[in-house]
Every structure is written in C-alpha cells, then in structure tokens.
Amino acid sequence: MTKIEILKIKKRIIKYLEQKRLSEAFAELKYLAEGVMVWEISNEVSQVEDSYKMMLNYAMQGVEDPARKTLYNEIINNIFFLLDRVVRQRLSLEESTLYYSTLRYEQMQQNDSIIKLIESYKEVVDKTSLYNLLTSEPTTIDSTKIIKEKEQIERRIFNRVWITFPLNSEDEESLKSVLTSNLFPQSTQELIVSALLLGMLDFYDVRRMRLLLASYEHGNQTVSVKALIAILLSMNLYHKRINDVRLLSQIDSIKENDMWNSDVKTAYLEFVRTRDTDRISRKMQDELIPEMLKLRPELYKKLNDSTAMIDISSLEENPEWEEVLQNSGISGKIKELNQLQEEGSDVFMSTFSHLKSFPFFSEIANWFIPFSRDYSLVSDILGSDATMVGDIIDNVPILCNSDKYSFLLSLGSIPQQQRQLMLSQFEQQRQAMNEAGLSMPGMTQPAQRKTLMNKYLQDLYRFFKLFRRKGEYNDPFSSPINLVNVPLLSADLDDVETLSIIGEFYFKRKYYSEARDVYLSLLDKMPPSAQLFQKIGYCYHQDGNVECALRYYQQAELLNADSLWTLRRIALCYRTVGNPQKALEYYNRVADVKPDDLNVTLSIGHCYLEAGNYKEAIKNYYKVEFLDEKSTRAWRPLAWSLLLLGDYDQSQKYYEKIIAENPIAEDYLNVGHLALAKSDMQSVIANYKCYVVNNDGDINKLIQALSQDEKYLVELGVDLSLLPFVVDAILYSIN
C-alpha cells in the first residue's frame with residue numbers, strides 16, 4: 001500500500017470520526033491494520049470495537065448510563081491513537097523522510113532508550129561541572145572533548161524524544177525530572193521542549209501534553225514560555241482530541257496560575273504577528289533591497305568616492321542626503337520597517353534566510369539549540385575571541401537563536417576588519433536598547449516573557465519555512481493560528497480589548513478575512529458603533545462580497561447618517577451590483593456637502609452613463625473638466641457619452657486627444673465603433689486592427705468585444721450583419 005493510499009484511508013477514518021460514524025471508522029481501521037502484521041495493534045482495535053459494541057448494545061436496550069459520554073470519548077480517542085500507530089508503523093517501513101529515517105536509526109539503537117540517554121547525559125554534565133569548578137573556561141583537550149560529547153548526547157536525546165511515539169510512563173517520568181529540575185542545564189530543557197513539540201506535530205500524545213504543561217508550570221521563565229508556545233500550537237492543532245479527564249484537570253489547575261491569562265493573550269498576539277512575516281520579507285526582497293541597489297550609483301556619485309560604504313540608516317538622518325532617500329521612496333520604507341521592528345515584527349527573516357545553508361543547519365536539533373558562548377561551535381570559529389564575541393552576539397536582543405548561529409557562522413568566512421565593523425554595529429544597537437530599557441534585565445516580567453515568545457516563534461518559523469527538508473513537516477504556520485476558535489482557550493481571549501487589538505492588527509495589514517471574523521465576534525460583546533460596521537463592511541468589500549458589504553455599510557449609516565465615507569461606499573456598492581439610480585441618490589447626498597469634489601462629480605457622471613442618461617452624464621464630465629483643466633480623467637467617459645448621444649464630431653475630438661496622449665486597446669475599439677457609426681470603413685478597419693495588435697494579435701478578443709458591445713452598436717444604428725465582414729477584412733489585412 002502506497003503512502004498516498006494510506007493517507008487517503010486515514011483521512012476517511014478521521015472524517016467518519018468527526019461525523020460520529022464509528023462503525024465505518026472501525027472497518028477502515030481494521031483494513032489498514034491488517035497489512036501491518038503487528039497483531040498487538042490489530043488485537044487492540046478489536047478490543048476497542050468490542051467495548052463500543054457493548055456500549056451500543058446497552059444504549060439500544062434503553063439502559064441508562066451516566067458514564068456513556070465519557071466512555072464514548074475514550075473510544076474515539078483510542079481510535080485516533082490506534083490510527084496514528086498504524087499509519088506510523090506502515091510508513092516506517094519504507095518512507096524516506098527525515099522523521100522515518102531517524103526512527104529506523106533509533107530503533108536499531110536498542111540500548112539507547114530515553115531513560116538511558118538521560119542517565120548518560122547526567123554523567124557527562126557532572127564531568128563538565130567539575131571542569132567548570134577548576135577553570136572558568138574549558139581550555140584543555142579533555143574538557144573540549146567532554147563538551148562535544150555532552151552536545152552530541154543532547155542531540156541524541158532530542159532525536160529520541162522527537163521520534164518516540166507513544167511516550168510510555170517511564171519516558172514521561174524521566175523527562176519530567178529533567179524539565180522541572182534545577183540540576184540540568186536550561187539549554188537542555190529548552191531543547192527537549194522543542195523535541196516534544198516537533199513530535200506532537202506528527203502524532204498527538206497525551207503524555208507529551210502533560211510534560212509541556214508541567215514545564216510551563218514548574219520550569220524557569222524561558223522553558224516555561226517555550227512550553228506555552230508548544231502547548232498553544234498543540235491545542236490549535238488537536239483541540240477536538242483534548243478530552244482526556246486527567247489532562248483536562250491539569251489544564252484547569254494551570255489556568256488558576258496568575259500568569260496564564262496574560263501569557264495566553266500575549267502569545268496569541270505574537271502568533272498573529274507571525275502572519276505578517278512573509279509580507280515583510282516580500283517587502284524587503286521586492287521593494288527595499290532593489291531600490292537600495294538602484295540608489296547606490298547616485299549616492300556614490302554624490303559622495304565622489306566609489307569605495308565608500310553606505311549606511312542607509314545614517315544617510316536618512318543626514319539632511320544632505322535626505323532628498324535622495326525621499327525621492328527614491330526608500331526613506332518611507334525604512335521608517336515603516338523600523339516601526340514594525342519596534343512593534344516586535346520579524347524584519348530579519350529575509351536577511352538571514354540566505355545564511356541557513358551552512359551544514360550546521362542540516363542537523364534538525366541545531367535549529368533549536370539556545371545560543372551560548374560556551375557552545376563548542378563558538379570556540380571552533382572564534383578561537384580566543386569566543387568569550388568576548390560570543391557575549392556580544394548572545395546579547396543582541398533583536399536576533400533569535402538560529403539567527404545568532406547564522407551570524408556566527410558567517411563571521412567565520414569574513415575578514416577580521418569587516419568582522420569588527422559588524423560586531424561594533426551590533427554592540428551599538430545593544431547599548432541603545434539598554435539605554436532605552438529594552439534589554440531583558442531592564443524589562444518587566446511580562447515584557448520579558450513577550451520577548452521570549454517572540455524570539456522562540458521566530459526560531460520555529462525559520463525552521464518550518466527555511467529548513468532544507470521543510471516539505472516533510474506539518475507546518476503549524478501554513479494557515480492562520482486562530483486560538484479564539486479553540487474551546488479550551490476561547491474564554492481567555494474573548495474580551496473586547498484583546499479582540500480589538502487583534503482586529504486592528506489584521507485590518508491595518510490588510511488581512512481582511514481574519515479582521516472581519518474578529519470584528520464579527522466583537523458585535524456580540526460591545527455596543528454597536530458605526531466604525532465597527534464600517535470596518536466589517538469594508539472587509540467584506542475587499543474580499544469581493546459586495547452584498548454583505550452593502551448590508552453592513554447600511555448599518556453604519558443608521559448610526560451615523562452624516563458620514564461621507566459611508567455614503568460613498570454605499571454608492572459604490574450600488575454601482576457594483578448594477579443599480580446606478582440608487583447609487584446616484586447617495587452620490588448626490590455627498591455632493592450636497594462637497595459640490596466641487598472631482599471624484600464625486602465623476603462618479604455621478606458614471607451613474608448617469610450607466611443609467612443611459614447621456615446628457616446628464618456629459619454635464620458632469622464637463623464640470624470635471626471645468627474644475628480641473630489639467631485633468632484628463634473625464635476624457636474617456638465623455639468621449640463615449642458623446643458617441644452614444646450621437647455627437648460624433650465632439651466624440652471624435654476627444655478620442656483624438658486620448659489617442660495622442662496615452663491610448664489603451666479599448667480606445668481603438670471605441671474609435672472603431674465611432675467610425676462604424678459614421679460608415680467610415682477604412683477607419684473602422686484601421687482602429688479595430690490596432691485593437692487586435694494591442695491584444696497580442698488575438699482576433700478572438702475583437703470578436704468577443706464586438707459581441708459584448710452589440711447593444712451599443714444597435715443604439716448607434718449599425719447594421720450588425722456587417723460585423724462578420726469587418727472581421728474577415730481585418731484577417732485578410734493581417735495575413
């Protein structure tokens with residue numbers, strides 16, 4: 001059975017479970033289990049089905065059972081659990097992904113269980129602690145060897161925790177002793193939390209959830225924060241499966257923690273912020289960097305020094321060069337990115353994405369190792385400078401751990417002078433943040449936890465987006481993370497303040513679907529306001545749902561009938577749905593307040609044109625010309641209106657100005673219509689031919705356009721039987 005077939009069956013079983021069609025789910029599961037040749041799993045499937053049949057039999061006999069709901073949930077959980085085991089067993093035989101390759105390797109290391117690896121790790125940690133007592137810096141060959149041995153075991157523990165499913169009770173107890181004890185390095189605890197999360201994204205495991213909850217409650221601040229992120233991602237992915245009584249009790253107990261509500265709200269805002277990472281990266285790659293490259297020759301010329309290095313941020317502050325940046329548009333983009341960085345947005349994704357190709361990042365555990373000057377890679381690259389330079393990199397608050405390692409690896413390949421320049425810039429930024437009270441020691445505890453969440457999410461986001469085998473993993477960021485829809489969390493996020501902040505974030509960055517959903521949920525939690533209805537309407541409008549947009553704009557009008565913005569949006573909706581008369585009513589209300597507004601006057605002209613009242617349309621177009629003699633915006637609708645009214649000479653004059661100014665394909669089509677109305681067949685052929693040429697020589701575009709405009713040609717008195725001859729004449733002239 002192929003992987004595609006296995007996953008199709010899995011998808012069907014999950015669908016049956018969601019629809020509560022357990023009989024069909026059992027049939028599919030037994031079929032899938034038979035090919036595994038692991039009779040233990042097949043027997044467990046039969047036992048669970050027997051329990052269900054027994055419960056079903058009692059229910060059909062009308063027997064009252066207060067525990068039925070709990071038992072039913074347990075049966076569904078068992079089906080999910082057995083399904084995961086069967087799928088994993090089948091795929092482990094031949095699947096070539098890194099997960100299953102690592103699984104097969106670990107299965108061959110039978111003596112290296114999680115418990116034994118942790119015991120080995122304890123011994124190495126004791127050795128490194130002894131060396132630390134003897135010297136402040138490991139300098140001997142033996143100490144270096146032991147440090148690397150410790151790091152190797154850490155990676156083994158990471159891999160073993162990642163691919164072990166399900167964790168047994170001994171695994172759980174052993175890992176809990178590491179995660180909640182002060183006897184183990186914090187870096188190891190953080191690494192295990194990431195391994196628990198990565199494994200959870202492949203297969204749901206109640207014991208993993210319990211370990212993450214224990215880490216959140218009893219771990220130090222960094223471990224606690226990372227565990228929380230893992231918990232929330234798991235809840236978002238598996239919220240329909242989290243109904244284990246013991247686990248729910250543990251969650252309820254943790255919710256009594258004073259930090260829980262604040263942490264969840266902060267984390268949710270950070271999840272929302274990750275939604276913006278790709279947009280910022282595209283802005284850097286497609287706008288800022290190309291503009292900077294184009295700007296370089298001009299700045300070099302002004303500096304009169306072709307070897308000068310250009311610091312864009314300092315140029316922005318220099319009045320002498322400010323005009324260059326303003327004219328290029330770079331200044332505004334830099335300010336926007338600076339503001340996004342201050343808000344905590346990830347502006348370095350694109351910068352460091354090119355530095356993730358080092359062999360170091362081929363090892364999956366290395367994406368999650370906390371940066372430390374004591375890590376062997378630091379001394380390998382920096383040598384005697386490891387302590388000083390390592391401290392500088394470690395204390396750069398704007399970089400996540402994987403970016404710090406990227407930066408470190410890049411330092412190893414650049415000259416000493418350039419290395420010092422880069423380090424001095426980071427040091428200056430670190431000092432500036434210290435002075436502003438933005439460094440970790442100077443922050444309040446909530447601010448520290450927010451920063452830790454932000455940086456861990458950046459590490460996770462980079463792994464799932466940049467790892468060379470990223471396509472093999474279930475990316476939790478592939479779709480928006482909406483924790484409000486998670487039943488266990490909705491009460492923590494369902495307040496007006498939190499939803500308002502999230503809604504404004506989405507709205508400001510033009511994620512209109514997400515903003516709309518948040519605003520709709522706010523309708524039930526706060527008094528109605530014109531602004532809220534306006535924003536909901538606008539979100540619908542931007543997503544193309546004009547009917548819904550109109551409905552909410554009208555609600556806004558009821559609360560604030562004098563809002564010109566609302567009146568114009570309503571008018572636009574009526575125009576879009578083909579009701580120009582109704583649109584005209586609203587535009588006229590705006591015109592009463594702003595009689596000389598060019599846009600309103602132009603829109604009124606369009607409404608008259610769409611309603612077939614060409615005389616009134618022409619009056620408004622002439623008014624636009626009168627109000628702004630330099631404007632050409634009214635030329636095309638004016639020329640078209642004059643044509644339909646039968647004033648061919650005036651129409652011709654405007655079309656000549658249009659063709660001379662900046663013609664588009666549609667202009668040649670309309671001039672052809674004008675010539676056809678005047679029976680000027682040579683002009684007809686010439687202009688229709690230009691229309692075809694401007695549509696890549698596609699004659700079908702002309703045929704389609706003539707068909708769409710037949711009603712106008714009839715108004716102009718054109719004999720439609722001429723059209724096929726016109727098309728053939730053009731074809732002969734082209735060929």
Side-chain angles (χ1 to χ4, degrees), residues 161 172 175-176 178-181 186-201 204-239 242 247-275 344 346 368 370 400-401 440 443-464 476-477 480-495 498 501-502:
V161 172
E172 182 180 7
L175 288 171
K176 187 176 180 180
V178 176
L179 290 166
T180 59
S181 169
Q186 177 183 314
S187 59
T188 307
Q189 296 171 333
E190 294 177 46
L191 201 58
I192 290 174
V193 166
S194 295
L196 288 169
L197 169 60
L198 210 59
M200 179 72 86
L201 295 177
Y204 175 72
D205 189 343
V206 172
R207 295 186 191 278
R208 285 179 186 267
M209 278 296 292
R210 289 207 293 259
L211 284 168
L212 290 171
L213 289 165
S215 300
Y216 170 73
E217 190 171 19
H218 302 294
N220 67 43
Q221 179 166 259
T222 305
V223 174
S224 174
V225 163
K226 290 189 173 184
L228 175 72
I229 295 297
I231 291 165
L232 297 180
L233 286 173
S234 301
M235 285 183 171
N236 183 65
L237 184 61
Y238 298 112
H239 60 270
I242 301 177
L247 183 61
L248 290 175
S249 176
Q250 188 178 2
I251 293 172
D252 287 340
S253 174
I254 286 176
K255 283 189 173 188
E256 296 177 4
N257 186 317
D258 293 337
M259 294 295 295
W260 171 262
N261 189 262
S262 173
D263 277 349
V264 172
K265 289 180 180 178
T266 303
Y268 187 26
L269 291 172
E270 293 305 314
F271 280 127
V272 170
R273 206 181 301 282
T274 61
R275 179 79 165 82
D346 186 357
F368 305 101
C400 61
N401 286 303
M440 288 292 285
M443 292 179 181
T444 62
Q445 187 181 23
Q448 288 179 2
R449 296 177 78 85
K450 176 183 177 181
T451 299
L452 291 169
M453 291 177 197
N454 180 281
K455 297 309 166 193
Y456 186 48
L457 280 172
Q458 288 181 14
D459 277 326
L460 290 172
Y461 198 86
R462 278 152 178 66
F463 170 74
F464 286 107
F477 304 105
I481 299 171
N482 191 358
L483 300 183
V484 174
N485 293 336
V486 178
L488 287 169
L489 300 172
S490 58
D492 298 300
L493 302 166
D494 214 19
D495 60 282
T498 302
I501 293 171
I502 293 168

Option from [options] for which side-chain contact (heavy atoms from CB on, under 4.5 Å) with [X] holds:
X	options	result
Leu269	Val264, Asn454, Ile502	Ile502
Tyr268	Ile501, Asn482, Leu489, Asp492	Asn482
Leu212	Val193, Leu228, Ile229, Leu179	Val193

[X] side chain to [Y] main-chain N or O, any donor-acceptor pair under 3.5 Å?
X	Y	value
Glu190	Thr222	no
His218	Ser215	no
Lys255	Leu488	yes
Ser490	Pro487	yes

Over all atoms of both residues, closest heavy-atom pair of [X] and [Y]:
X	Y	value
Leu196	Leu175	CD2-CD1, 4.5 Å
Gly219	Ser224	O-CB, 4.1 Å
Gln189	Ser181	NE2-O, 2.7 Å
Thr180	Ala214	CG2-O, 4.0 Å

Decide side chain to side chain contact (heavy atoms under 4.5 Å, CB included) for Gln186 and Val223; before the verdict, give the C-alpha distance in whole Å, the side-chain angles of both, and the deciding distance to 0.1 Å.
CA-CA 7 Å; Gln186 177 183 314; Val223 174; 4.1 Å; yes

Rounded distance [0.5 Å steps], [atom1] in [X] versus [atom2] in [Y]:
X	Y	atom1	atom2	value
Lys450	Lys455	NZ	NZ	11.0 Å
Ser234	Leu201	OG	CG	6.0 Å
Lys265	Leu483	NZ	CG	13.5 Å
Lys226	Leu457	NZ	CG	11.0 Å
Arg273	Glu270	CZ	CD	5.0 Å
Arg208	Leu198	CZ	CG	8.5 Å

Exercise. Check the pair Leu233, Leu460 against side chain to side chain contact (heavy atoms under 4.5 Å, CB included), reporting the backbone distance first and the verdict last.
Key: CA-CA 11 Å; Leu233 286 173; Leu460 290 172; 4.1 Å; yes

Taking atom types as modelled and ignoring hydrogens, do the side chains of Tyr216 and Asn257 form a donor-acceptor contact shorter than 3.5 angstrom?
no

Verify side chain to side chain contact (heavy atoms under 4.5 Å, CB included) between Tyr456 and Val225, making sure each step is shown before the conclusion.
CA-CA 9 Å; Tyr456 186 48; Val225 163; 5.6 Å; no

Parallel, tilted or perpendicular for Tyr204 and Tyr238, by the 30°/60° rule? tilted

So salt bridge (charged side-chain N to carboxylate O under 4.0 Å, His left out) across residues 211-220, not counting sequence neighbours, yields none

- prompt: Do Leu213 and Leu247 touch side chain to side chain, with heavy atoms closer than 4.5 Å?
  reply: yes

Does any part of the side chain of Arg449, heavy atoms only, come nearer than 4.5 Å to the side chain of Thr266, both counted from C-beta?
no

*Step through the shown structure and confirm whether more than 12 heavy atoms of other residues, nucleotides or ligands are within 6.0 Å of CG on Asp252.*
yes

